[in-house]
Structures are given as structure tokens and as C-alpha cells.
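Working notes, beginning with the structure itself.
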Protein chains: 2
Amino acid sequence: MAEKSKLWYLENFNLFKGLNSEKLESLGKISKMKDFEKNQPIYFAHEPSSSIFFLKKGRVKLTRTSNDGKEMILGLVNPGEVFGEMSFLDEGERTDFAIAMEPSLICTINKEEFKKFVSENNELNLRITKLIGLRIKKYTERIEELVFKDASQRIISFLIRLADDNGKQLGSDIFVKPFLKHQDIADLTACSRQTVNSVLTDLREKKIIHFDRRKLIIHDKETLLKYIG
Amino acid sequence: MAEKSKLWYLENFNLFKGLNSEKLESLGKISKMKDFEKNQPIYFAHEPSSSIFFLKKGRVKLTRTSNDGKEMILGLVNPGEVFGEMSFLDEGERTDFAIAMEPSLICTINKEEFKKFVSENNELNLRITKLIGLRIKKYTERIEELVFKDASQRIISFLIRLADDNGKQLGSDIFVKPFLKHQDIADLTACSRQTVNSVLTDLREKKIIHFDRRKLIIHDKETLLKYIG
DNA sequence: TTTCAACTGTCAATAAAACGACAATCTTTT
DNA sequence: AAAAGATTGTCGTTTTATTGACAGTTGAAA
């Protein structure tokens, strides 16, 4: 491994993997790194979407709020991932609200400068195309889930995704840092807090998962998979 | 207006508006025009997605089916619009199923040839970018609707979209050709046929819309808008 | 013209999940 | 350490929408 460059913070982004140091250098010039504390907003709905973001460290959630104040979570962002990339596709305003769930380190690049950088580095085009394709796929899957699955199936699907994205396998158990409260899971799966609680409790009684306020363990992913067919 | 070219069929696609005749010519060379009859499938799920489609005339619906046979409609395609464009973003298989709802005329272009054409005509890049952005927006709006709105609000939202996309204003009435059966509306709005019927009937009783088997008229769009806030 | 299949309209029964309420527990602040 | 606030757990109760069943219509096919 090469010596630690001052651009260390760009190296780990999936999107930039394998770029040579010259290009990372020029990327470094147009990017700004910023710390966010827990619960600090990153951008708001109706703001002009003029930047694209990369999460280096921490955790971010993207939400939408209905007229009457109900919240839904559009997505969670893990380290190494891009967010706010709609700015790349669209001139308009943001439609979602981004907030740091934990102390986070976030890299910001101005939309126009990023577009210019991409046009000078065509290898990125393909990656971005794939990224966008993946987003569309995720959204259509989410729609499908809302249409075809009932509340407990949606919650179980979510647990599986959580295990895959954020879990650490230890023997036959998968440990997940429980960074979401029940209300968050409810906002992610389009059901009520009480329903989330009862589904989780039920799974715990059946020894398929275990959880309390400080841990979440999936004992038996196989069985969970059976529930959602 | 210029004399009718043999490329008349390409002229009206939103995506190609304003391309000069030389470019249309070369587009003509890589595109194939084909007639589809009512209920004829255009592509299936799990097929490799090797082409992109443009609807010249008729009407197409894009659907997904759950494991247990329930259907949802992912979207309706109107003349002048693209579909199957995921092939442009993704190497994989189709995830949806496209079927002609009416006798239709459809232009097909091979994904790779289309990509080549786009790379030689950079003005298209921006339009495609916008198109993709719009798709993402539509999907997130759909998710939002499923999460925040109840069945009758979803049906009413759908009626408004239908009026906007397919309606002809005549005085204060908006006429829509009723090309959808109740089951289709149900598949579009994620509720049951019976619920669709009862919501529509209720709106008819209140004289906000009128419909029977051969027509659908929206008398009072204002009031519909009030229902959905 | 008759027949058949698909679609519409309606209703009662059932099921799913939201909602409201409140106690218990944990966390943070003072 | 006490108080306040947030989160979880557990209830009945109520709402919403699905389901199934069946009769009435309509359009197409024979």
C-alpha cells in the first residue's frame, strides 16, 4: 500500500476506486470535506440541488415528509456511498431531506464542477450510469414490495437487507449495530411503530432474531428468507 | 412544413425532436419499425434487455407480476415516449413485461447501436439524462403516494394524472378515452377492483366525474385536487 | 341470434394494520 | 441523583380495505 496521501479521504469511495493519483488530486481540488454532528441536517427539501455528496464516515438518512407531518425514509447511506446524486440528473430543487444520524464526515462537490470532472474522465460515466441504474432498480423493487408484500414481510425483507448491508457475520449469527429505532424501521417499511414492535417481538420469541436496546442479532437468516418467499 | 420524409416515424419522438435530417437518416438505419396487435407482448421479464423502444402509435403497459400471480402496472406508455430504457443503464435482464394494450406501432433500436448513436450526438446525452431523472422522480413520487395516501386518494391522484396525460379539455369537462378497465386501475393504484369501483361510483354520485363503459369524463378537477390536499 | 366470456356493480364477512392510551424502561440533562 | 424526555412494550378499539360471492351487463364469437 502506498503512503498515506492527503487525499486519503477520496480513495475509498466506490465511485473513485482505481483513479490515478493525478486525477484524485484534481478531484481533491474541487471537493470539500466537512464534519457533521449527530442530527445535523445536510440539505433540505426545496433547496436548489447544486452539490453531490459522498459519505466517508458515519451514517446518513434521506427522508420525505408528507403534508401532515408523517415521515418516510427514502434511503440510508453507508460509508463509501454517494447521495444527493439527483442533482446530477436534474436542475431543480431537492425533494428530500438529508440528515446525519451519527457524527459523519462528508465530501461535497459542486454539481457543475463534478460534471466537468466526469466529462474529462470518461471511465466515470459508465460507473455513474450503473449507479443510476441501480437506484432505479432499488426504487422499483421498493414499489413492488409495497404493492405485493404485507407489513411483516416488508419488515422481514428490511431485516435481511440490513443484515446484508450492515451486518457482521460471526458464526451463524449476524450482528447489526442497532442504529435505528423502531420508528425509523416503521418509516422505512411503511407501517406503524407498534406493528414493527410486534413483528420483531414475535421473531424474537421464535428465536429467529434477538434484540434489545443495544444489539440486534439475526440468528436464522434462512428462516427469514422463507417468510418472504 | 417539409415534405413527408420516409423517416416521418422518427420525427415525433420527444427525444429526437430537432435532430437534422442527416442524423434522422442514420437513426433510421439502425431502427426497425414494427406493428403489434392488441395484447401482443413486446418483451418479457428475464429476457436480456438488448433493445430500447419508442412508441409511435397505440398504447403500451409495463407490468410486474408477483410470485403468487398478482399483477402491478409499473407504468403506461403514451405515443412519443420511450420505454425499455433500462437497457441503456444496465446490462442485465428485463424485470418487467411490456404488452401492447391497443394495436401499436413501435420503433426498436438495438441497445449497443443506440449507445453508439448517442455518443456521436452529444445533444442527446442531456435529454437522456433528463429522461432518467424524470423516471427516478416518478418512481419516488409513486413510493411517496403508496406510503402517505390511502386507497381513494391514490385512485383520485391517478384520475388527475390520467386527465393531464390523456384527457381532452372540452369546456369545463375533461374527456378521457376509457382504455383501462377497473382491474387495470386497481393494478396501477395498488388496491382491489372493488375498491376502485366503489371510489369511482362515489365520485359519480357526487357528480365530480362521470363514467360508463365507453366514456370517462372529469367534470370537476378542482374538487379532485382538494381531496388529495 | 344465441352463447360465452369478460367486465361491472354491490354487499356482507373478514382480515390487516393503524390508532390511542398508558406503563415500563432507558438516556440525557440539570 | 433527580427530573425530564425519549423509546419500547402491550393492550383493546376502530378503521380501512380485501375477499368472496353473485347478479347484471356488455361485447365478441359461433
Side-chain angles (χ1 to χ4, degrees), chain A residues 37-39 61 66 68-73 99 101-103 145-159 177-206 209-216 227-228, chain B residues 37-39 61 66 68-73 99 101-103 145-159 177-206 209-216 227-228:
Chain A
E37 31 184 281
K38 185 171 176 169
N39 294 326
K61 74 176 174 187
S66 71
D68 52 330
K70 268 179 291 183
E71 182 176 301
M72 70 173 262
I73 300 183
I99 186 170
M101 302 179 75
E102 303 173 1
E145 203 163 283
L146 286 166
V147 171
F148 292 142
K149 292 182 178 159
D150 63 25
S152 55
Q153 287 176 317
R154 292 200 302 274
I155 293 167
I156 291 172
S157 290
F158 167 74
L159 285 177
K177 194 173 142 207
F179 56 90
L180 297 165
K181 30 191 180 221
H182 290 186
Q183 185 62 60
D184 287 328
I185 300 178
D187 293 341
L188 273 158
T189 54
C191 57
S192 70
R193 178 186 70 76
Q194 292 93 324
T195 300
V196 170
N197 183 272
S198 91
V199 170
L200 292 184
T201 304
D202 187 53
L203 290 171
R204 181 172 55 190
E205 269 165 21
K206 293 182 176 136
I209 68 172
H210 181 75
F211 72 98
D212 57 33
R213 265 145 153 130
R214 56 196 48 165
K215 56 181 172 300
L216 168 58
Y227 278 110
I228 55 171
Chain B
E37 31 184 283
K38 185 170 175 167
N39 293 327
K61 75 176 173 186
S66 72
D68 52 330
K70 268 180 289 182
E71 182 176 300
M72 70 173 264
I73 299 183
I99 187 170
M101 303 178 75
E102 303 174 0
E145 203 164 283
L146 286 167
V147 172
F148 292 143
K149 291 181 178 161
D150 64 24
S152 55
Q153 287 175 318
R154 292 200 303 273
I155 293 166
I156 291 172
S157 290
F158 167 75
L159 285 177
K177 193 175 145 207
F179 55 90
L180 297 165
K181 29 193 180 212
H182 290 185
Q183 185 61 61
D184 287 327
I185 299 178
D187 294 341
L188 274 158
T189 55
C191 57
S192 69
R193 178 186 70 77
Q194 292 91 325
T195 301
V196 170
N197 183 273
S198 91
V199 170
L200 292 183
T201 304
D202 187 53
L203 290 171
R204 182 171 55 189
E205 268 165 22
K206 293 182 177 136
I209 67 172
H210 181 75
F211 72 98
D212 57 32
R213 266 146 154 127
R214 57 194 47 164
K215 57 183 172 298
L216 168 58
Y227 279 111
I228 57 171

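Below, read A as the first sequence line, B as the second, and so on, with proteins coming before strands; counting in each chain starts at 1.
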If an axis is fit to five pairs at each end of the helix from C:dT1-D:dA30 to C:dT30-D:dA1, what is the angle between the two, to the nearest 10°?
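Computed angle between terminal axes is 40°.
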query = Residues from residues 148-155 of chain B sitting under 4.0 Å of DNA chain C, heavy atoms only?
reply =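 Result for residues 148-155 of chain B: none.
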Which of residues 179-190 of chain B sit near DNA chain C, with a heavy atom under 4.0 Å from it?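 Heavy-atom contacts with DNA chain C come from B:Lys181, B:His182.
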| request: Check each of A:Arg154, A:Glu145, A:Gln153 against A:Ile228 using the side-chain contact (heavy atoms from CB on, under 4.5 Å) test, and report the only one that passes. | output: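 Between A:Ile228 and the candidates, side-chain contact (heavy atoms from CB on, under 4.5 Å) is satisfied uniquely by A:Gln153.
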Discussion item. Tell me which one of A:Val199, A:Leu188, A:Leu203 satisfies side-chain contact (heavy atoms from CB on, under 4.5 Å) with A:Ile155.
Written reply: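 So, applying the side-chain contact (heavy atoms from CB on, under 4.5 Å) to A:Ile155 and each of A:Val199, A:Leu188, A:Leu203, only A:Val199 qualifies.
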Side-chain touch [X]/[Y], heavy atoms, less than 4.5 angstrom:
X: A:Leu159; Y: A:Leu200; value: yes
X: A:Leu180; Y: A:Met101; value: yes
X: A:Arg193; Y: A:Val196; value: no
X: A:Phe179; Y: A:Lys61; value: no

- Item | With B:Ser198 via side-chain hydrogen bond (donor to acceptor under 3.5 Å, both in side chains) - residues at least two apart |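 By the side-chain hydrogen bond (donor to acceptor under 3.5 Å, both in side chains) rule, B:Ser198 matches no residue at all.
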Can you list the residues that meet the salt bridge (Lys or Arg N to Asp or Glu O under 4.0 Å) rule with [X], with sequence neighbours excluded?
X: A:Lys177; result: A:Glu102
X: B:Lys70; result: none
X: A:Lys38; result: none
X: A:Asp202; result: A:Lys206

Extract from the structure each pairing of a protein N or O with an N or O of nucleotides 28-30 of chain C at less than 3.5 Å, listing the distance.
none

| query | Listed in order of residue number, which residues of residues 191-204 of chain B have a non-hydrogen atom at under 4.0 Å from DNA chain D? | reply |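 The stretch gives B:Cys191, B:Ser192, B:Arg193, B:Gln194, B:Thr195 as the residues lying under 4.0 Å from the strand, ordered by number.
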Does A:Asp184 use its side chain to pair, donor to acceptor, with the backbone of A:Asp187 at less than 3.5 Å?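 No: the side chain of A:Asp184 does not pair with the backbone of A:Asp187.
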Using nucleotides 24-27 of chain C, report all nitrogen or oxygen pairs with the protein that are shorter than 3.5 Å.
unit_1	atom_1	unit_2	atom_2	d
C:dT25	O2	A:Arg213	NH2	3.3
C:dT27	OP1	A:Arg214	NH2	3.2
C:dT27	OP2	A:Arg214	NH2	3.4

Worksheet item: Using a heavy-atom cut-off of 4.0 Å to chain A, what are the terminal contacting nucleotides of DNA chain D, in 5' to 3' order?
Response: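 With heavy atoms of chain A under 4.0 Å away, the range is D:dT7 to D:dT10.
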